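Everything numeric in this text was worked out from a predicted model, so none of it was measured. The chains referred to below are lettered A, B, ... by the order of the sequence lines, with proteins before strands, and numbering in each begins at 1.
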Protein chains: 2
Amino acid sequence: MNVQEAMDKLKQNGYKYTDKRKDMLQLFSDESRYLAAKDVLEHMQDTYEGMSFDTIYRNLSLFTELHILEATELEGEKRFRFSCSTDHHHHHVICLDCGKTKHIHHCPMNDTPGAPGFQVTGHKFEIYGYCEQCSMKKDSAVR
Amino acid sequence: MNVQEAMDKLKQNGYKYTDKRKDMLQLFSDESRYLAAKDVLEHMQDTYEGMSFDTIYRNLSLFTELHILEATELEGEKRFRFSCSTDHHHHHVICLDCGKTKHIHHCPMNDTPGAPGFQVTGHKFEIYGYCEQCSMKKDSAVR
DNA sequence: CTTCATTTAGTAATAATTACGATTTATCTT
DNA sequence: AAGATAAATCGTAATTATTACTAAATGAAG
């Protein structure tokens with residue numbers, strides 16, 4: 001997924017091409033990590049002074065619907081990242097500080113026996129912690 | 001974990017024994033499933049008319065700290081359930097409608113190679129869907 | 001039964017998210 | 001290129017979950 005593909009997808013589904021949408025997508029493309037709505041807002045307001053919550057949230061959920069972004073819920077906030085690649089199911093190791101991720105290629109669903117009668121609609125496997133940079137930052141902050 | 005053990009744990013840690021706490025714990029003991037704060041509030045207000053949010057939330061987080069309850073975040077809400085058994089690490093299959101759970105005894109962390117430099121602090125593996133009763137309810141509601 | 005720290009009710013504050021009417025803008029049509 | 005139209009946006013208000021505060025009440029220990 002890249003910005004152009006994402007914009008094309010919007011077009012295909014009858015949505016409009018706006019600079020704000022492009023900039024939002026560019027942000028997610030540049031930062032390949034999970035961002036909270038407020039991170040997006042802050043970044044966008046550098047360029048578009050009066051940009052409203054509404055626009056941010058509406059577009060974030062639109063992008064998620066179209067599978068341009070993937071979302072997870074972390075520490076009471078929804079967070080979003082550019083959809084990695086649509087062709088390969090995977091999970092994430094997530095840095096709780098900066099939101100950076102590593103891939104986990106192995107999916108535990110393969111090893112988990114189905115529960116009879118239970119209709120499965122989704123699953124979540126995530127590993128949390130601190131990436132090398134952020135854990136060094138934390139260490140030095142303590143001293 | 002049962003109500004008595006939980007109350008003992010409170011005592012041991014210098015917290016007081018109140019009827020409200022006992023009733024809250026009894027609720028979790030009776031319903032062995034995930035409950036949202038508002039579910040707990042509603043149930044408690046049947047007995048204690050003017051019971052406040054504060055009391056519910058304060059106790060929920062106290063119980064969680066003492067590992068009497070375990071918490072997860074689901075659809076934008078924190079949910080709590082009686083801690084299953086402290087001696088055995090496990091994960092849950094969770095019904096999105098009623099909160100009932102089944103255990104997954106296998107932990108995917110065992111199969112997942114550590115990421116070098118990444119300091120792991122936690123992980124989450126959950127399977128979502130609808131239990132037999134709730135999926136039947138949904139089917140018949142559609143007709 | 002008195003003291004004292006804890007707990008609680010009532011309510012206000014915070015934070016994330018969603019909703020809405022008026023205005024603006026992108027796209028389509030001509 | 002200009003006008004029509006549906007979608008997007010702004011500014012702001014409403015909603016929802018959660019946390020915080022103060023005065024009053026209460027359980028526990030001596």
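No side-chain heavy atom of Thr55(A) sits under 4.5 Å from any side-chain heavy atom of Tyr48(A).
Atom CZ of Phe53(B) is surrounded by 12 or fewer heavy atoms from other residues, nucleotides or ligands within 6.0 Å.
The separation between Lys20(A) atom NZ and dT25(C) atom C1' is 9 Å, rounded to whole Å. At whole-Å resolution of the value, CD in Glu75(A) and P in dT17(C) are 13 Å apart. If you take NZ of Lys22(A) and C1' of dA26(C), they are 15 Å apart, rounded to a whole angstrom. Taking atom CG on Asn59(A) and atom P on dA26(C), their separation rounds to 14 Å, with Å as the unit. Per the geometry, CE belonging to Met7(A) stands 8 Å off P belonging to dT27(C), to the nearest Å. Residue Asp19(B) contributes atom CG, which lies 10 Å from atom P of dT8(C) at whole-angstrom precision. Here the P atom of nucleotide dT27(C) and the CD atom of Gln12(A) are 15 Å apart, to the nearest Å.
Classification of the Phe125(A)-Phe125(B) ring pair by plane angle, with boundaries at 30° and 60°, yields perpendicular.
An end-to-end axis angle of 30° holds for the helix from dC1(C)-dG30(D) to dT30(C)-dA1(D), taken from five base pairs per end and rounded to 10°.
Within the 4.0 Å cut-off from OP1 or OP2 of dT7(C), not a single side-chain nitrogen or oxygen of Arg58(B) is found. A sub-4.0 Å separation between OP1 or OP2 of dA26(C) and a side-chain N or O of Tyr17(A) is absent.
With sequence neighbours excluded, the residues forming a salt bridge (Lys or Arg N to Asp or Glu O under 4.0 Å) with Asp54(B) are Arg58(B), listed by chain and number. The ring-ring contact (aromatic ring centres under 6.0 Å, His included) test applied to His90(B) returns His88(B), His92(B), His103(B), not counting sequence neighbours. A search for salt bridge (Lys or Arg N to Asp or Glu O under 4.0 Å) contacts involving Lys102(A) returns nothing, not counting sequence neighbours. By the salt bridge (Lys or Arg N to Asp or Glu O under 4.0 Å) test, Asp97(A) is found to be paired with Lys137(A), residues two or more places apart in sequence or in another chain being considered. Judged as a salt bridge (Lys or Arg N to Asp or Glu O under 4.0 Å), and not counting sequence neighbours, the contacts of Glu75(B) are Arg79(B).
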Which atom pairs, donor and acceptor, lie under 3.5 Å between side-chain atoms of residues 11-18 of chain B and protein residues at least two apart or in another chain?
unit_1   : atom_1 : unit_2   : atom_2 : d
Thr18(B) : OG1    : Arg21(B) : N      : 3.1

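For residues 23-42 of chain B, proximity to DNA chain D is found at Ala37(B), Lys38(B), defined as any non-hydrogen atom under 4.0 angstrom from a strand atom.
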For Leu25(A) and Lys22(A), run side-chain contact (heavy atoms from CB on, under 4.5 Å): C-alpha distance rounded to whole Å, both residues' side-chain angles, the deciding distance at 0.1 Å, then the answer.
CA-CA 5 Å; Leu25(A) 292 168; Lys22(A) 188 164 148 242; 5.8 Å; no
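The nearest pair of heavy atoms linking Cys107(A) to His89(A) is SG-NE2, 3.3 Å. Heavy-atom minimum distance, Ile56(B) versus Met24(B): O-CE, 3.9 Å. Across all their heavy atoms, Phe82(A) and Phe28(A) have their closest contact at CD1-CB, 3.4 Å.
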If you restrict it to nitrogen or oxygen atoms, what contacts under 3.5 Å exist between nucleotides 3-6 of chain C and the protein, and what is each distance?
unit_1 : atom_1 : unit_2   : atom_2 : d
dA5(C) : N3     : Lys16(B) : NZ     : 3.2
dT6(C) : O4'    : Lys16(B) : NZ     : 3.4

For nucleotides 10-14 of chain C, tabulate all protein N/O to nucleotide N/O atom pairs closer than 3.5 Å, reporting atom names and distance.
unit_1  : atom_1 : unit_2   : atom_2 : d
dG10(C) : OP2    : Gly50(B) : O      : 2.9

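Phe63(A) and Tyr34(A) sit in two unconnected hydrophobic clusters of ILVMFWY residues. Membership requires side-chain heavy atoms under 4.5 Å apart, directly or through other members.
Checking each of His106(B), His105(B), His123(B) against His91(B) for a ring pair (Phe, Tyr, Trp, His ring centres under 6.0 Å) leaves exactly one that passes, namely His123(B).
Taking every nucleotide of DNA chain D with any atom under 4.0 Å from a non-hydrogen atom of chain A, the first and last of them, 5' to 3', are dA6(D) to dG11(D).
Pairs of residues two or more places apart, or lying in two chains, that qualify as salt bridge (Lys or Arg N to Asp or Glu O under 4.0 Å) and include a residue from residues 30-40 of chain A are Glu31(A)-Arg33(A), Lys38(A)-Glu77(A).
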